[in-house]
Amino acid sequence: MIDIAGEKLSPEDYLSDVRPVWCPGCGHYFVLRALTQALAWLRIPNEQIGLVTGIGCSSRISAYVDAYGFHGVHGRALALGAGLKAVRPDMDVIVAGGDGDGYSIGGNHFLHACRRNMDLTYIVMDNEVYGMTKGQPSPTTEPDWQSKLAPEGTGIRRFNPLGIALASGASFIARGSAGDQKGLSRLIVEAIEHKGFSLVEIKTPCVTFRPEEKAWYKRMRKITIEPTDDMILAAQRIHGSDGFDTGIFYQADLPVFQPHFTEEKSIEDFEKEFEV
Ligand code: SF4
Ligand code: MG
């Protein structure tokens, strides 16, 4: 931990001693850089950050950031993050993971996290594939992508994370690109600063199992979308986009759910009641 008083912080101040083991060229390196840059800009003390992740290549990120971290249960990161925020509302709770972890195994948690609108930041590193388990199609994979594991493609329409977040009640919905690190840092800053559930969906190439995605580094457009609180306009932008636009598609001031532990019933009382 570092003493931030009077210091100018750098992304390195938020890196742990654990060396990333992602494949060379993996987009997740740029996401790690963008996240640590955002934390440095915001000057959040390391011990005030809770970084909760699921399972998958991208979920390793909690080991690489110098903060309180939990890397543990496939698809359950949002539930754990919500629990942490419930008892430590003073902390900045960031939840992170991949498209398979968040939209398939954790799909139900995603819907209800949007609906609750707790003050959480959810970073999804979407590479349209299960990377860690060697290249199965994920919910965001296009139906005709042919691979060893799905030689004919899946034939199943894709999950639309931004559209589903909007319909489910999220109050901040953004898409960023690993290829635009500065723009991505800004989106993460805005997401952390926003009061409510913030989705930052990041297109980040899996260069090992989907090498064609390297084209995203050039193809994704730098911040093209400015925030609106008009749901109809946001829906038009989300469904009208070809998927290569980045920016904040929707941001609104909506009621934020935060459980309250009163003096009459404190967290200690709950611990006694549930014997934890
Ligand atoms: Fe990144 Fe894909 Fe390698 Fe996983 S398998 S570290 S997602 S390039
Ligand atoms: Mg993935």
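Throughout, numbering of the chain's residues begins at 1 and tracks the sequence. Every number for a ligand or one of its atoms is a count from 1 in the order of the listing.
- Of all atoms in ligand 1, listed by their number and element, those nearer than 4.0 Å to a heavy atom of V207 are 8 (S).
- Inspection of the environment of atom 4 (Fe) of ligand 1 yields the following protein N, O or S atoms under 2.8 Å: C57 SG.
- Ring pair F197/Y122 is tilted by interplanar angle, where 30° to 60° counts as tilted.
- N127 has its side chain within reach of H28: a pair of non-hydrogen atoms, C-beta onward, lies under 4.5 Å apart.
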What's the verdict on salt bridge (Lys or Arg N to Asp or Glu O under 4.0 Å) for R219 and E212, showing C-alpha distance, side-chain angles and the deciding distance?
CA-CA 11 Å; R219 198 161 173 208; E212 71 279 13; over 6 Å; no
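- A side-chain hydrogen bond (donor to acceptor under 3.5 Å, both in side chains) with T53 is found for one member of S62, S59, S58 and no other, namely S62.
- In this structure, the side-chain contact (heavy atoms from CB on, under 4.5 Å) partners of H109, at least two apart in sequence or on a different chain, are R76, L78, A79.
- Classified by interplanar angle (parallel below 30°, tilted 30° to 60°, perpendicular above 60°), the ring pair W22/Y64 is perpendicular.
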